Engineer: 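One structure coming up, written as structure tokens, with questions to follow.
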Amino acid sequence: MSADPRLSINQATIKYADLATALRVTAEAGIPAIGLWREPVNDVGLDVAARMLADSGLRFTTHCRGGFFTLPDGPERLAALDDNRRAIEETATLAAAGGDGSTAVLVLVAGGLPAGSRDLVGARERVRDALGALAPDAEAAGVTLAIEPLHPMFASDRAVVSTLGQALDLAADFDPHVVGVAVDTFHIWWDPQVLEQIARAGREGRIATYQVCDWKTPLPADVLLSRHYPGDGVIDFGSLTRAVVEAGYVGDVEVEIFHADVWADDPARVVRRTAEAFAAAVSPHLS
């Protein structure tokens with residue numbers, strides 16, 4: 001069995017699979033690449049995880065996640081920056097262990113409003129300051145920091161960066177190989193300026209990763225768990241994927257799904273269904 005040569009499984013899609021299982025079922029499904037999360041990597045230790053990844057033969061596409069930069073000055077903010085430096089090191093190590101074509105991309109979620117704050121503008125400036133603090137570490141490690149804008153419903157608790165345009169404005173202070181953006185269909189499909197901003201991201205050379213999953217209402221009580229297989233909802237993968245291709249992105253495309261039913265399913269069945277959904281909804285627009 002083989003899958004689209006540009007398909008990558010983001011490990012969140014099979015959240016409850018340990019690292020060994022995630023690598024095995026991805027490879028057995030003929031999927032050539034995987035994006036990893038820090039928690040399962042740290043469960044086995046970075047060196048062990050790197051060896052497991054190398055043995056799997058899979059390409060490494062992204063590491064999730066860094067960020068949460070909106071804390072005010074103080075010990076907690078310094079600790080968050082130090083944790084991001086560790087994430088940068090992890091990303092570099094895993095990229096070196098991955099198969100040919102692996103990329104060293106650390107996905108960043110900006111963070112929400114600090115407790116008691118209503119200052120969105122100030123919170124975004126603290127994200128900019130954090131990028132400035134981390135950019136030298138990322139450049140030295142050969143890692144690209146990918147700012148991921150999240151849907152506005154997450155602005156209060158997860159990401160004060162809500163649009164691709166805002167992410168690109170934050171990235172503009174830095175070289176594209178150091179700070180780029182993550183284009184995630186779930187978060188940006190609604191944006192009236194999305195096609196224009198994808199084109200801008202391409203001109204600026206900042207598309208570090210393209211992630212796909214679908215949107216369908218009604219949303220569950222926990223809106224974080226509202227992502228669906230591509231093709232099961234309302235997102236126009238044709239226009240978005242063609243825009244990313246026309247913007248010059250030639251890398252792997254991750255499927256990242258957060259959904260209780262998907263997580264409860266057998267991981268091997270999930271990756272097979274993901275490959276089928278991707279082939280139908282996304283692959284036709286990649287050429």
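All values reported here derive from a predicted model rather than from experimental measurement.
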Engineer: Go through the steps to decide whether Arg77 and Asp82 satisfy the test salt bridge (Lys or Arg N to Asp or Glu O under 4.0 Å), and finish with yes or no.
Structural biologist: CA-CA 9 Å; Arg77 181 174 177 82; Asp82 285 343; over 6 Å; no

Engineer: Determine, for Asp83 against Arg38, whether the closest basic-nitrogen to carboxylate-oxygen distance falls under 4.0 angstrom.
Structural biologist: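 Judged by the 4.0 Å cut-off on N to carboxylate O distance, Asp83 and Arg38 do form a salt bridge.
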
Engineer: For a quick check under 3.5 Å, do His187 and Arg227 share a side-chain donor-acceptor pair by atom type?
Structural biologist: yes

Engineer: Taking atom CG as the centre, does Asp100 end up with more than 12 heavy-atom neighbours from other residues, nucleotides or ligands that are less than 6.0 angstrom away?
Structural biologist: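 Incorrect, the count does not exceed 12.
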
Engineer: Answer yes if Leu286 and Val255 sit in the same cluster of Ile, Leu, Val, Met, Phe, Trp and Tyr residues linked by side chain heavy atoms under 4.5 Å apart, and no otherwise.
Structural biologist: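 Linked within one cluster.
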
Engineer: Using ring pair (Phe, Tyr, Trp, His ring centres under 6.0 Å) as the criterion, list what pairs up with Phe174, not counting sequence neighbours.
Structural biologist: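 Ring pair (Phe, Tyr, Trp, His ring centres under 6.0 Å) check on Phe174 returns nothing, list empty.
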
Engineer: Do Ile257 and Phe186 have side chains that approach each other closer than 4.5 Å (heavy atoms only, starting at C-beta)?
Structural biologist: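 Heavy-atom side-chain distance check fails, nothing below 4.5 Å.
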
Engineer: With a 4.5 Å cut-off on side-chain heavy atoms, are Thr103 and Thr144 touching?
Structural biologist: no

Engineer: With a 6.0 Å cut-off on the ring centroids, do His228 and Trp215 count as close?
Structural biologist: no

Engineer: Hey, does the side chain of Asp236 reach the backbone of Ser239 with a donor-acceptor pair shorter than 3.5 angstrom?
Structural biologist: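 Here the side-chain-to-backbone pair exists.
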
Engineer: What's the shortest heavy-atom distance between Ile31 and Ala3, and which atoms?
Structural biologist: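 That would be CG1-CB, 3.8 Å.
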
Engineer: What's the shortest heavy-atom distance between Val105 and Thr61, and which atoms?
Structural biologist: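 Scanning both residues completely, I find the closest heavy atoms to be CB-O, 3.7 Å.
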
Engineer: If we ignore hydrogens and angles and just use 3.5 Å, is the side chain of Thr13 paired with the main-chain N or O of Ile9 as donor and acceptor?
Structural biologist: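 Looks like no, no N/O pair under 3.5 Å.
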
Engineer: I'd like to know whether Arg86 forms a salt bridge (Lys or Arg N to Asp or Glu O under 4.0 Å) with Glu90, so could you lay out the CA-CA distance, the side-chain angles of the two residues, the decisive distance to 0.1 Å, and finally the verdict.
Structural biologist: CA-CA 6 Å; Arg86 287 190 291 274; Glu90 293 166 12; 5.9 Å; no

Engineer: Indicate whether any N or O donor in one side chain lies under 3.5 Å from an N or O acceptor in the other, for Asn10 and Trp37.
Structural biologist: yes

Engineer: For Val181 and Ala201, which heavy atoms make the closest approach, and how far apart are they?
Structural biologist: CG2-CB, 4.3 Å

Engineer: Is Arg59 close to Ser102 at the side-chain level, that is, under 4.5 Å between some pair of heavy atoms?
Structural biologist: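 Sidechains of Arg59 and Ser102: in contact.
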
Engineer: Mind listing the closest non-hydrogen atom pair of Ala141 and Ile88 along with its distance?
Structural biologist: CB-CG2, 3.7 Å

Engineer: Would you say Arg158's side chain and Leu150's backbone share a donor-acceptor pair under 3.5 angstrom?
Structural biologist: no

Engineer: Is any side-chain heavy atom of Gln11 closer than 4.5 Å to one of Leu19?
Structural biologist: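 Yes - at least one pair of side-chain heavy atoms lies under 4.5 Å apart.
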
Engineer: Nearest 0.5 angstrom please: Ser156 OG to Arg118 CZ, how far?
Structural biologist: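 Reported to 0.5 Å precision, the distance equals 11.5 Å.
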
Engineer: Both conditions, 6.0 Å and 45 degrees, for the charged tip of Arg126 above the ring of Phe69: are they met here?
Structural biologist: no

Engineer: For the hydrophobic clusters of this structure (ILVMFWY residues joined by side-chain heavy atoms under 4.5 Å, transitively), does one cluster hold both Ile147 and Val107?
Structural biologist: no

Engineer: Please check this pair: side chain of Asn84 against backbone of Ala80, looking for a donor-acceptor N/O pair closer than 3.5 Å.
Structural biologist: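 Yes, the answer is positive, given that a donor and an acceptor are paired below the 3.5 Å cut-off.
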
Engineer: Stepwise, does the side-chain contact (heavy atoms from CB on, under 4.5 Å) test hold for Val194 with Ile198?
Structural biologist: CA-CA 6 Å; Val194 66; Ile198 289 173; 4.0 Å; yes

Engineer: Is there a side chain to side chain donor-acceptor pair (under 3.5 Å) between Asp4 and Ser283? Walk through the geometry before answering.
Structural biologist: CA-CA 7 Å; Asp4 189 297; Ser283 293; 2.5 Å; yes

Engineer: Quick one: do the Tyr210 and Thr185 side chains pair a donor with an acceptor below 3.5 Å?
Structural biologist: no

Engineer: With a 6.0 Å cut-off (strictly less than), is the heavy-atom count around CD of Glu125, excluding the residue itself, greater than 12?
Structural biologist: yes

Engineer: Kindly state each residue pair satisfying side-chain hydrogen bond (donor to acceptor under 3.5 Å, both in side chains) with at least one member in residues 164-173, sequence neighbours excluded.
Structural biologist: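 Residue pairs passing side-chain hydrogen bond (donor to acceptor under 3.5 Å, both in side chains), neighbours aside: Arg128-Asp173, Asp169-Arg200.
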
Engineer: Quick check against the 3.5 Å criterion: does Thr70 have a side-chain atom that pairs as donor or acceptor with the backbone of Arg124?
Structural biologist: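 No, because the side chain of Thr70 does not come within donor-acceptor range (under 3.5 Å) of the backbone of Arg124.
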
Engineer: Please answer: with hydrophobic residues joined when any side-chain heavy atoms are less than 4.5 Å apart, are Leu71 and Leu134 in the same cluster?
Structural biologist: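 Per the 4.5 Å side-chain linkage, Leu71 and Leu134 are not co-clustered.
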
Engineer: Is there a side chain to side chain donor-acceptor pair (under 3.5 Å) between Glu254 and Thr62? Walk through the geometry before answering.
Structural biologist: CA-CA 9 Å; Glu254 288 188 2; Thr62 66; 2.6 Å; yes

Engineer: How far does CG of Leu219 sit from NE2 of His151, to the nearest 0.5 angstrom?
Structural biologist: 8.0 Å

Engineer: Side chain of Arg206, backbone of Ala171: donor and acceptor closer than 3.5 Å?
Structural biologist: yes

Engineer: Mind checking the CG-OG spacing from Leu58 to Ser8? Nearest 0.5 Å is all I need.
Structural biologist: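 Output value for this atom pair is 8.5 Å.
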
Engineer: Taking all heavy atoms of Ala12 and all of Glu256, pick out the closest pair and write down the distance.
Structural biologist: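 Heavy-atom minimum between the residues: CB-CG, 4.1 Å.
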
Engineer: Under 4.5 Å between side-chain heavy atoms, hopping through other hydrophobics if needed: is there a path connecting Leu113 to Leu224?
Structural biologist: no

Engineer: Let me confirm one number: the CZ-CG distance from Arg242 to Leu195, rounded to the nearest 0.5 Å.
Structural biologist: 9.5 Å

Engineer: Run Arg6 and Tyr249 through side-chain contact (heavy atoms from CB on, under 4.5 Å) and show every step you take.
Structural biologist: CA-CA 11 Å; Arg6 292 180 67 179; Tyr249 181 72; 3.8 Å; yes

Engineer: Are Asp214 and Tyr229 packed together at the side-chain level, in the sense that at least one heavy-atom pair is separated by less than 4.5 angstrom?
Structural biologist: no

Engineer: Would you mind checking if Arg24 and Asp18 are paired as a salt bridge, meaning a charged N to carboxylate O distance below 4.0 Å?
Structural biologist: no

Engineer: Taking atom CD of Gln211 and atom CG of Asp184, what is their separation to the nearest 0.5 Å?
Structural biologist: 5.0 Å

Engineer: For residues Val41 and Ala49, report the shortest heavy-atom separation together with the two atoms involved.
Structural biologist: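 Closest approach of Val41 to Ala49: CG1-CB, 3.7 Å.
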
Engineer: Quick one: CH2 on Trp190 to CD1 on Ile188, what's the gap to the nearest 0.5 Å?
Structural biologist: 9.5 Å

Engineer: Contact between Val161 and Phe154 at the side-chain level, heavy atoms closer than 4.5 Å - yes or no?
Structural biologist: no

Engineer: Does Asp252 reach the main-chain N or O of Leu7 with its side chain, forming a donor-acceptor pair under 3.5 Å?
Structural biologist: no

Engineer: Within the side chain of Thr241, is there an N or O that forms a donor-acceptor pair under 3.5 Å with the backbone of Phe237?
Structural biologist: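 Indeed, once roles are kept as given, a pair shorter than 3.5 Å links the two residues.
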
Engineer: Are the side chains of Leu131 and Leu108 in touch, meaning some heavy atoms are under 4.5 Å apart?
Structural biologist: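 Heavy-atom side-chain distance check passes, below 4.5 Å.
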
Engineer: Test your reading of the model: is there a side-chain donor-acceptor pair from Thr21 to the backbone of Ala17, 3.5 Å cut-off?
Structural biologist: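 A pair under 3.5 Å: no.
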
Engineer: Give the cluster check for Val179 versus Leu168: same hydrophobic cluster or not, with ILVMFWY residues linked at side-chain heavy-atom distances below 4.5 Å.
Structural biologist: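 The answer is no; the residues belong to distinct hydrophobic clusters.
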
Engineer: Quick one: are Leu53 and Asp55 in side-chain contact, heavy atoms under 4.5 Å?
Structural biologist: no

Engineer: Determine, stepwise, if the pair Trp263 / Phe258 fulfils ring pair (Phe, Tyr, Trp, His ring centres under 6.0 Å).
Structural biologist: CA-CA 7 Å; Trp263 288 351; Phe258 292 64; 5.7 Å; yes

Engineer: Hey, is the main chain of Gly122 close enough, under 3.5 Å, to the side chain of Asp119 for a donor-acceptor pair?
Structural biologist: yes

